[in-house]
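Data block below; observations after.
Excluded from the calculations below are hydrogen atoms, water molecules and symmetry mates; all remaining heavy atoms, backbone and side chain alike, are included.
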Amino acid sequence: MELIIEEISKGDKLLSRQKYHSHSLSIGRAYTNDVIVTDPHVCPEHLALRYDGNNWIASDCGSLNGSFLGNGKEEVNEHVVQSGDVITIGNSTLRIVLPNHPVAPSVPFSAFETLINLARNPVVIGFAICFFALASAWLAYLDKGKEVNFTLILIPAIGMTLMFSVWPALVALVSHLTKNDARVMHQVGICFVFYLLLLGTDAIQALTLFNSSSNWPVKWAIGVLPVSIAFCLFWLNCYIGFHMTEKRRAITAACITALFFGGTALMQISKQPDFNPRPQYNATILPPSYLVTSSNDVEGFIGDASKLFDKTREMSKKEQE
């Protein structure tokens, strides 16, 4: 008679699955068992399963910590096994499944999953990494207040790319350590695509704020954009690398986003005193492409300023009268 035994975690995550063809099975820590469990709280001969011709019968073998049905206190003693029964032995949890156990219908690939699989394509990953490195080099060039050569912008670009590669590698490592599918290529592809989107939001912020005179409603509205993109990135990291419910995935992504942006804001506040006797000089000059409208020449600016002063004088005379 065939029987499937699954070892699951406390959160019902599958750790291992084995199929046996026998009329009796022994479960315990000893190497003579059919199912070997390494949990130190499990006895060498802990649980026995036997087939009586009609049903599988589970019985505890007089173990030290006992065997219980599910997470309750009902002891397993001559228990008639039903397909899907969960038995707790020590700190380990086993699920017993019969071969005719129903399974959920197959789920077709959605357009969303197709896009995720597209992100793992080596061509997409290579393009995203190269474009991110070029963007980092361009930003390093703009931040320099003096003439630079190729080496001075190449080193920061490589360093920035390697630094941003740590996050997908870390997520994949944690996913692997928690017995999930690491999906390293998916994580790298998704992360660098979203890094490019975040760089795009930086350009949009600079363009908008430069032409809106730092109007605070516009500033706050634009500030939501990178936060939203970061939340989507962390949500996708959890979706790809971990088996989570939708609620837990959203909470985890929100917490990571709040931690990241909150920590960044605190660092910026701590670095900006009320009065700095030695302010840093920013030599970065925004390129003309940041201008929505063309700028005036010197004569035009002086003429507009003179008109403004004339208007002010007229208003002053009217108030005095």
Side-chain angles (χ1 to χ4, degrees), residues 114-177 180-209 222-223 225-242 252-253 255-268 271 280 282-287 289-290:
T114 303
L115 289 175
I116 292 177
N117 290 329
L118 179 63
R120 69 175 297 275
N121 190 303
V123 176
V124 175
I125 294 176
F127 174 79
I129 292 177
C130 291
F131 200 83
F132 179 82
L134 290 174
S136 301
W138 174 247
L139 292 176
Y141 170 75
L142 292 179
D143 288 338
K144 298 293 183 181
K146 57 183 180 180
E147 184 178 357
V148 295
N149 54 31
F150 180 75
T151 305
L152 291 178
I153 61 175
L154 178 63
I155 295 177
I158 294 176
M160 186 70 69
T161 305
L162 292 177
M163 184 179 68
F164 276 80
S165 300
V166 173
W167 175 250
L170 180 62
V171 174
L173 177 61
V174 174
S175 178
H176 175 72
L177 294 177
N180 291 281
D181 189 3
R183 302 176 76 179
V184 180
M185 300 295 287
H186 290 81
Q187 296 287 5
V188 173
I190 287 293
C191 283
F192 274 94
V193 168
F194 272 81
Y195 292 161
L196 293 176
L197 292 177
L198 288 172
L199 288 177
T201 60
D202 289 342
I204 293 174
Q205 283 182 312
L207 176 63
T208 304
L209 297 178
I222 296 299
L225 190 59
V227 176
S228 302
I229 293 178
F231 173 82
C232 293
L233 171 60
F234 298 140
W235 188 92
L236 281 172
N237 289 145
C238 296
Y239 178 85
I240 294 171
F242 304 95
T252 302
C255 291
I256 298 175
T257 305
L259 182 64
F260 177 78
F261 283 93
T264 303
L266 289 176
M267 290 177 61
Q268 291 179 350
K271 290 182 178 179
Q280 293 183 351
N282 187 358
T284 303
I285 300 177
L286 290 175
S289 57
Y290 277 72

Check: Val171 main-chain N/O paired with Ser175 side-chain donor or acceptor under 3.5 Å = no
Distance from Ile116 atom CD1 to Ile190 atom CD1, nearest 0.5 Å?
-> 5.5 Å
Side chains of Asn117 and Thr114: does their closest heavy-atom pair fall under 4.5 Å?
-> no
Could you pull out the closest heavy-atom pair between Trp235 and Ala253, with the gap in Å?
-> N-CB, 3.6 Å
Would a 4.5 Å heavy-atom cut-off, applied to side chains only, mark Ser165 and Phe192 as touching?
-> yes
Take atom CZ in Phe231; do more than 12 heavy atoms of anything else shown fall under 6.0 Å from it?
-> yes
Take Asp202 and Leu199 through the side-chain contact (heavy atoms from CB on, under 4.5 Å) test and state the conclusion after the steps.
-> CA-CA 5 Å; Asp202 289 342; Leu199 288 177; 4.1 Å; yes
Within-4.5 Å side-chain heavy-atom neighbours: Phe242 and Thr252 | no
Got a sec, which pairs hit salt bridge (Lys or Arg N to Asp or Glu O under 4.0 Å) with one end in residues 154-169, sequence neighbours left out?
-> none
Set of side-chain contact (heavy atoms from CB on, under 4.5 Å) partners for Met185, sequence neighbours left out | Arg120, Ile125
State the OG-CD1 distance between Ser136 and Ile129, to the nearest 0.5 angstrom.
-> 11.5 Å
Beyond-backbone contact of Gln187 with Trp167, side-chain heavy atoms, under 4.5 angstrom = no
Trace of the side-chain contact (heavy atoms from CB on, under 4.5 Å) decision for His186 with Asp181 = CA-CA 11 Å; His186 290 81; Asp181 189 3; over 6 Å; no
What are the two closest non-hydrogen atoms of Val123 and Asn121, and how far apart are they?
-> N-OD1, 2.9 Å
Considering all heavy atoms of both residues, which atom of Ala133 and which atom of Ala157 are nearest to each other, and what is their separation?
-> O-CB, 3.5 Å
In this structure, CG of Leu170 is separated from SG of Cys191 (nearest 0.5 Å) by 10.0 Å
When rounded to the nearest 0.5 angstrom, what is the spacing between SG in Cys255 and CG in Leu259?
-> 8.5 Å
Spell out, as yes or no, whether a donor-acceptor pair under 3.5 Å connects the side chain of Tyr195 to the backbone of Phe164.
-> yes
Hey, could you give me the OG1/CD1 distance between Thr257 and Ile229, rounded to the nearest 0.5 Å?
-> 11.5 Å
Working to the nearest 0.5 Å, report the span between CG of Leu197 and CG of Leu225.
-> 9.0 Å
